[in-house]
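Each ligand, and each atom within it, is numbered from 1 in the order the structure gives.
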Amino acid sequence: MKDVFGSDRRRITHALKVWQVAREILAEESGSERVVEAAAILHDIGIQEAERRFGSSAGCYQEIEGPPIARRIMQDLGLDEQTIEHVCRIVGSHHSARDIDTPEFRILWDADWMVNIPDAFAGQSKDKLERIINKVFKTKTGKEKAVNLFVKRKERMNMFCYQCEQTAKGRGCTVSGVCGKDPETAALQDLLVYATKGLSMYAHKARELGVRDRDVDVFTTEALFTTITNVNFDPERLRGLLIRAAVLRDQAKRLYEEACREAGRTPETLSGPAVWMPADDLNGLIQQGEEIGIPTRKEALGEDVTGLQELITYGLKGMAAYADHAQILGREDDGVYAFFHEALNFLTETHTAEELTAMALKCGEVNLKVMELLDTANTGAYGHPVPTPVRIEPIRGKAILISGHDLKDLKALLEQTEGKGINVYTHGEMLPAHGYPELKQYKHLVGNYGGAWQDQRKEFDAFPGAILMTTNCIQKPKETYKARIFTTGLVAWPGVIHVPDQQFAPVIEAALEADGFQEDGPDKTILVGFGHNAVLGVADKVIKAVKSGAIRHFFLIGGCDGARSGRNYYTELAKAVPKDCIIMTLACGKYRFNKLEFGDIQGIPRLLDIGQCNDAHSAIQIAAALANAFDTDVNGLPLSMVISWYEQKAVCILLSLLHLGIRNIRLGPTLPAFVTPAVLNVLVEHFNIMPNSTVEEDLAAMLG
Ligand code: SF4
């Protein structure tokens, strides 16, 4: 099977899963073990030949192509003719059930459905799932297992998530995530955060005694990053992380207890997340996740305290993403790791709203250090971004699209594709990569394709090459491109091939097999690369233009984009900004307006693309330098910040801005659901933070 499928790991994994489930069903049903196992391994064996001959993997073509290949394999293995004949009939009917109805066929049929259901029917109601199961399953055992696994579990599910801006009805996703996260994955993510708190309880105590463990530190950032919106939707990968969390928690516990012994102290007996033991199977873990979810805390602690706890948690998640990027490029800061453990440990204790607010602002403070670390990591590895025109139309030829934020993945992909006749395009938050000298030197990094992340299902469908998702922003892939989209790093989607450790050969193969672009698009470019180095390099010119009145005001219109209709506000605002004002932008919110023409003021482009969301550090440096030049603070500058938020990285950036004492930030398109009216009052009182109004009203207020 592996010889036939070659590097097609997705299909190998699928066959092995079906084989496993078929064995479980067979244990309760009667049938030939040899036939069931061979049919499970070989049932999809004709899929590649079907694609090659008919250009389609449709079941009818697989049923034609599969049996001869299966026969050849079984003959080579010396199986008896009766078994071979039986297995070939199963393979030849496994999509249509047209020609066979033996017990062995029914077992294979049910096992295949069992593996396909989570993906094929993600987000379906339990009633619909029950109807599907009753209609398609053929064995008593298969039906019972499926009902228990998919329907009864849904009956028990108690999902609640309000960590991102698109949360259902602006209050919370309770049935399934608007992002595509199902209740099972939500429970596993909640449990991973809980388990990481347990690990941090010991790591924090060990650090107080002067000992630490880097594996524990790095895992903490990876675990938090994994639970950010649109990163990991794969229960199996989450299960692996949960098991590792328990192993590392025990490692941190031993470290703490040894340090206590050496210091002549009695170790404290910890409880709560510190003593969590992972359940034996996925169902058990899901149940554990439900039990410790947000509703349980809301009931015990109330809305305000829970909301503030979540504000800190989401700030930590966002910060973890930046810390992880920096760590990947070899930049770490022990004080940052210490803070992660301190804050996670803090979240396991009871605190007042004031104490929680102070911790949230401390998260913003530490996040500034993390963003600086990442800035140093990126510029140290790839040079300071320089203003660079980026092509936004395709070029004829084979193509790979790389999305997400991880510049190291991009560099590795560029190295591995060099000289192979493949053009590499950036997508979404990877756009600023074109400004880095060490990346832009690759001639086959030809341009940027598409817009913001939420348009990916349409754009990836149309992209005639392979797609690589680094870091976050994956949406449920359509079947039309599922075989040519790949995940790497912490990103995962069930059924999508995960490429570990920058081994991009399968991505390259998929790109070479795809059609590629058939012709060049028109020559159209946009300008990127206005990091702090580039902007401060022309600071004198900018200051002169402000002093002469040529530049009246600066607007920072940035943040992350989302699908809500109200987000058109940012396009309209950018269009309405007067011609004597400069717009600075960063993160994927820029896709709302970055292809419009803004012109320049005395040679300074009116739209300055500072970079990715983490390049908020650049924006802060630019603002601080301007404040210095005008002998004021950032609040005293002719600068207005209009921030769009979507997920948790925006939360930690907002906390950093608040820590710096920046006032009058306009936040939208809607305020976070976890910020309760009482908490909002505190934010308004101290920072005059406010929601967006209309473009006209906001513009008039900002220009004074
Ligand atoms: Fe809902 Fe956002 Fe949570 Fe997804 S991440 S479940 S969309 S609140």
Side-chain angles (χ1 to χ4, degrees), residues 118 122-125 153-154 157-194 223-235 237-238 241 286 289-290 292-298 303 306-307 309-318 320-321 404 428 452-457 469 471-477 490-494 559-567 587-589 613 644-652 654 667-676:
Q124 298 293 347
S125 69
R153 191 162 79 195
K154 266 200 191 292
M157 288 309 298
N158 183 20
M159 173 177 178
F160 187 86
C161 181
Y162 59 179
Q163 71 173 354
C164 82
E165 196 269 341
Q166 69 176 353
T167 195
K169 296 181 184 149
R171 291 198 294 271
C173 295
T174 54
V175 179
S176 64
V178 177
C179 61
K181 184 161 78 174
D182 60 25
E184 292 86 348
T185 307
L188 293 168
Q189 289 190 0
D190 287 351
L191 188 62
L192 184 56
V193 173
Y194 183 80
L224 291 173
F225 189 0
T226 292
T227 64
I228 284 182
T229 304
N230 291 342
V231 175
N232 187 330
F233 293 82
D234 188 344
R237 287 182 67 81
L238 286 164
L241 287 165
I286 290 165
E290 286 176 277
I292 52 78
I294 290 171
T296 312
R297 262 185 298 134
K298 270 190 181 174
E303 296 263 354
T306 307
Q309 285 184 340
E310 291 307 287
L311 174 66
I312 299 168
T313 305
Y314 305 152
L316 290 172
K317 288 185 182 194
W453 65 273
Q454 75 274 6
D455 298 328
Q456 68 186 250
R457 282 167 58 85
M469 301 301 290
T471 71
N472 49 329
C473 304
I474 191 168
Q475 291 183 305
K476 182 181 181 187
L490 299 175
V491 198
W493 191 282
C560 36
D561 203 3
R564 275 185 206 268
S565 52
R567 286 183 179 266
C588 62
C613 50
S644 60
W645 87 283
Y646 168 68
E647 42 87 321
Q648 300 80 58
K649 286 192 269 179
V651 174
C652 72
L654 180 67
L667 184 64
T670 56
L671 294 178
F674 51 86
V675 172
T676 60

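Among protein heavy atoms, atom 4 (Fe) of ligand 1 sits closest to Cys179 SG, 2.3 Å. Distance from atom 1 (Fe) of ligand 1 to its nearest protein heavy atom, with residue and atom name: Cys173 SG, 2.2 Å. Thr229 OG1, 3.2 Å is the protein heavy atom nearest to atom 5 (S) of ligand 1. For atom 6 (S) of ligand 1, the nearest non-hydrogen atom of the protein is Gly177 CA, 3.4 Å.
With a 4.5 Å cut-off on side-chain heavy atoms, Cys179 and Phe233 count as touching. For the pair Leu188/Ile286, a side-chain contact is recorded, criterion being any heavy-atom separation below 4.5 Å from C-beta on. Between Gln166 and Gln454, every side-chain heavy-atom pair lies at or beyond the 4.5 Å cut-off. By the 4.5 Å heavy-atom criterion applied to side chains, Pro672 and Leu311 are not counted as neighbours. Side-chain contact between Lys317 and Val193: present, with at least one pair of heavy atoms (C-beta onward) separated by less than 4.5 Å.
Close contacts of ligand 1 with Gln166, meaning ligand atoms under 4.0 Å from a residue heavy atom, involve 7 (S). Under a 4.0 Å criterion applied to the non-hydrogen atoms of Thr167, ligand 1 contributes the atoms 8 (S). Close approach of ligand 1 to Met159 (heavy-atom distance below 4.0 Å) involves ligand atoms 6 (S).
Within the structure, ligand 1 lacks Glu165 among the residues with a heavy atom less than 4.0 angstrom away.
Contacts with ligand 1 closer than 4.0 Å are made by heavy atoms of both the backbone and the side chain of Gln163. Counting heavy atoms closer than 4.0 Å to ligand 1, residue Gln189 contributes nothing at all.
Put simply, Cys161 gets within reach of atom 3 (Fe) of ligand 1, with an N, O or S atom under 2.8 Å from it. Because the distance cut-off is set at 2.8 Å, Cys164 qualifies as a neighbour of atom 2 (Fe) of ligand 1 through one of its N, O or S atoms.
A donor-acceptor pair under 3.5 Å is absent between the side-chain atoms of Trp453 and the main chain of Gln475, judged by distance alone.
In this pair, Phe674 and Tyr162 present their aromatic rings perpendicular. The plane angle is above 60°, beyond the 30 to 60° band.
Of the N and O atoms on the side chains of Thr670 and Glu165, at least one donor lies less than 3.5 Å from an acceptor on the other residue.
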